[in-house]
Amino acid sequence: MRDLINEIWNSVRNNRLRTALTGFAVSWGIFLLICLLGAGNGIINAFQGSSDRFVTNSMDIMGGRTSLPANGYREGRWITLDRGDLDIIEGKEFNDQVDMVAPVTSSVSDKMALGVKTVSTSMQGVTPEYLDIEKINMDKGRFINPLDVEQRRKVVVLSTKHEKELDRNLIGKWVNMQGFSFKVIGIYHSDESDWRTSAYIPYSTMKGIFKPGEEIDDIYITFNGVSNVDQSLDLENTISSRLKAHHKAHPDDPNAIWIWNRYTQNAQISQGQRLISIGMWILGILTLISGIVGVSNIMLISVKERTHEFGIRKAIGAKPGKILSLIIAESVSITAFFGYVGMGLGMLACEIMDKTLGQRSMNLGFDTIKMMDNPTVGLDVAIEATLLLIIAGTLAGLVPAWKAAKVKPIEALRAE
Amino acid sequence: MALIELRDINKTYNNGQPLHVLKGINLDIERGEFVSIMGASGSGKSTLLNILGILDNYDTGTYHLAGKLIKDLTESKAADYRNRMIGFIFQSFNLIGFKTAVENVELPLFYQGVPRRERHAKAMEYLEKLGLTQWATHFPNEMSGGQRQRVAIARALITKPEIILADEPTGALDSKTSVEVMQLLKQLNKEEGITIIVVTHESGVANETDKIIHIKDGIIGNIEENTTHSAWDGSVMK
């Protein structure tokens, strides 16, 4: 063993350029692979993170604007949801499929004041179900509860952003919104990538103080019994046609009622993730192949260069197997060493990506998502990839090594 | 039975035009002999040496070395025989450049699987014998031609082979060093009784040996007994 290590060390030390070139090919291959997989994971995680923020079997229903004339009305009529829509959705027809129903009424941005500090915020009147449907993450305190709604309490749930802008200890304090004092009962988590920055107050309070009347801005629902995209589209269409009928809109009008079907969206995102993942692996495998070709190429040159040396070894009694094992042992140690160097650098690059791109967000219009979330590769994948390169590189190097082992000593001695 | 017994050895190279290089070689060499094979280039002497050294195959005939038939051996068997029975000395020394003198000398024992310490001790012993102790850790390119050839001789001797095959051993050396190397070979033959075969085209070198085998156009010509070393008029070796 010690002899073999000595042999390898000797030949590495005496062929610095060749070793460096092989090492570079291997390191670079693994480095690229790790970076690619890391970036891919980052993008996939970012998508995942965005779809994790809501319940996938939910829909957000909104009124739209008609694009077809119907029932004596001209097109271009604004539709606002009302109590009737809520009754239809909560009614018998959808009893089996629809679980939670949460009406929401919003107000436009306005000032919110705490003492002399003022921030601008929008306000949404919600029911307790909203917490679960929108997966709101409470940081401190509590969310709106049924009693708040029943008693039309003037309480408000603010975001961590508000907290940062107004005061560290907001809970229990009173903030002023449009002339009314609201007691802060909870803080929910809202990070850089979150589009939710509203102040939440009880639905009934909203209706009672700021937005009297029938109108409802959004109806959030969750549903069950849907196991594929088609079924979710069926439900979406049934709800849509009932609501259109209620508002005397044309049954085929695509714009009268807007439904954001998160089930379908999630399916699309999953599909996208799959594609990204497949693409990354294809690129990764191509990178690996180029690494392998590099290794075997350099092995070929190296074996050619050393033909004379092998001839000497053979003349004084080296069996072909000894020559073969010497070449293989040498290539395995070089590939392994530089492979792990490349792996280390690749993982470092992933960490750097995490610290830079991982902190930036992208605005998708309806949503804001991080460019990358945790763009790293698991140690197991990294080690597996490196092992794969070592094994494949060795296999690729076997051919030239085998040739070298088979060259007749007399021919090898003649080579210079 | 002689140490080396060649019977009707034929060898043809097939590189486009078939080239009949050895045309029925019959030769006996006894244990302890110091012989030279002389011939012009193209006479087949190198081919003969390669066959004797189990570096090349022959087509027909038989070759017995120390009673063993050397024919159609596998690569690894051939390597084993070369390792145990033959010591090579080449014109261009053929030392491995990135190994020190002592490592070069050790190498044949490495392929025999001799433990490191034992191997090293033995290599040092042989280097001492050839007066190279202080050069043991030097690389070949730090040594003179004569020193390099002496390292190669030490490497050839270390396995205690049946025969030493020297292919133009003085070909790359100046005349003074040439004489020294030939004296050394002569001494090894006389004192240790080692069988040595020198292939050369130089009369001066051949004259140092006890028997001169002339080879011409692939057949053995006359075999000169040369115990008095008078086959050559004694003018400058080169």
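Not measured: the values here are computed from a predicted model. Within every chain, numbering begins at 1; the chains are lettered A, B, ... in the order of the sequence lines, protein sequences first and strands thereafter.
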**Q.** Residues from residues 100-109 of chain B approaching chain A under 4.5 Å (heavy atoms)
**A.** Glu103(B), Leu107(B), Pro108(B)

Q) Is Ser27(A) reaching over with its side chain to a backbone N or O of Phe24(A), donor-acceptor style, under 3.5 angstrom? A) no

Q: Give a yes or no answer on whether the side chain of Lys45(B) reaches the backbone of Gly39(B) with a donor-acceptor pair at less than 3.5 Å.
A: yes

**Q.** Proximal to chain B - members of residues 312-324 of chain A, heavy-atom separation under 4.5 Å
**A.** Ile312(A), Arg313(A), Lys314(A), Ala315(A), Ile316(A), Gly317(A), Ala318(A), Lys319(A), Pro320(A), Lys322(A)

Q: Measure the shortest side-chain to side-chain distance between Leu345(A) and Ile34(A) over non-hydrogen atoms and say whether it is less than 4.5 angstrom.
A: no

Q: Find the one option among Gly53(B), Gly97(B), Ala79(B), Pro161(B) whose heavy-atom pairs under 4.5 Å with chain A are most numerous.
A: Ala79(B)

Q | Asp8(B) side chain reached by Ile25(B) side chain, heavy atoms, under 4.5 Å | A | no

Q. Does some side-chain heavy atom of Ile9(B) sit less than 4.5 Å from a side-chain heavy atom of Thr60(B)?
A. no

Q: Measure the shortest side-chain to side-chain distance between Ile194(B) and Ile164(B) over non-hydrogen atoms and say whether it is less than 4.5 angstrom.
A: yes

Q) Looking at side-chain heavy atoms only, is the closest gap between Val341(A) and Phe31(A) below 4.5 Å? A) no

Q | Arg31(B): partners by salt bridge (Lys or Arg N to Asp or Glu O under 4.0 Å), with sequence neighbours left out | A | Glu162(B)

(Q) With heavy-atom distances below 4.5 Å as the criterion, would you say the side chains of Val205(B) and Ser178(B) are in contact? (A) no

**Q.** Beyond-backbone contact of Arg306(A) with Glu330(A), side-chain heavy atoms, under 4.5 angstrom
**A.** yes

**Q.** Between CD1 on residue Ile51(B) and CG on residue Leu6(B), distance to nearest 0.5 Å
**A.** 8.0 Å

**Q.** Residue Arg84(B) versus chain A: region with a heavy atom under 4.5 Å
**A.** neither

Q. Which residues in residues 114-152 of chain B have any heavy atom lying under 4.5 Å from a heavy atom of chain A?
A. Arg116(B), Arg119(B), Phe139(B)

Q: For the residue pair Asn50(B) and Thr47(B), confirm or rule out a side-chain donor-acceptor distance under 3.5 Å.
A: no

Q: Check the side chains of Tyr13(B) and Asp56(B) for a donor-acceptor pair under 3.5 angstrom, ignoring hydrogens and angles.
A: yes

Q: Determine the option with the most heavy-atom pairs under 4.5 angstrom with chain A, choosing from Lys99(B), Gln112(B), Arg82(B).
A: Arg82(B)

Q: Answer with side chain, backbone, both or neither: which region of Phe88(B) has an atom nearer than 4.5 Å to a non-hydrogen atom of chain A?
A: side chain

Q.
Report which part of Lys77(B) has an atom under 4.5 Å of a heavy atom belonging to chain A: side chain, backbone, both, or neither.
A. neither

Q) Do Leu188(B) and Leu157(B) have side chains that get closer than 4.5 Å, going by heavy atoms? A) yes

Q) Counting N and O atoms only, with roles assigned by atom type, does the side chain of Thr200(B) sit under 3.5 Å from a partner on the main chain of Glu202(B), one being a donor and the other an acceptor? A) yes

Q: Pick one of side chain, backbone, both or neither for Tyr81(B), based on which atoms fall under 4.5 Å of a heavy atom in chain A.
A: neither

Q) Considering only heavy atoms, which portion of Leu95(B) lies under 4.5 Å from any heavy atom of chain A: side chain, backbone, both, or neither? A) backbone

Q) Any chance NZ of Lys71(B) has more than 12 other-residue heavy atoms, nucleotides or ligands included, within less than 6.0 Å? A) yes

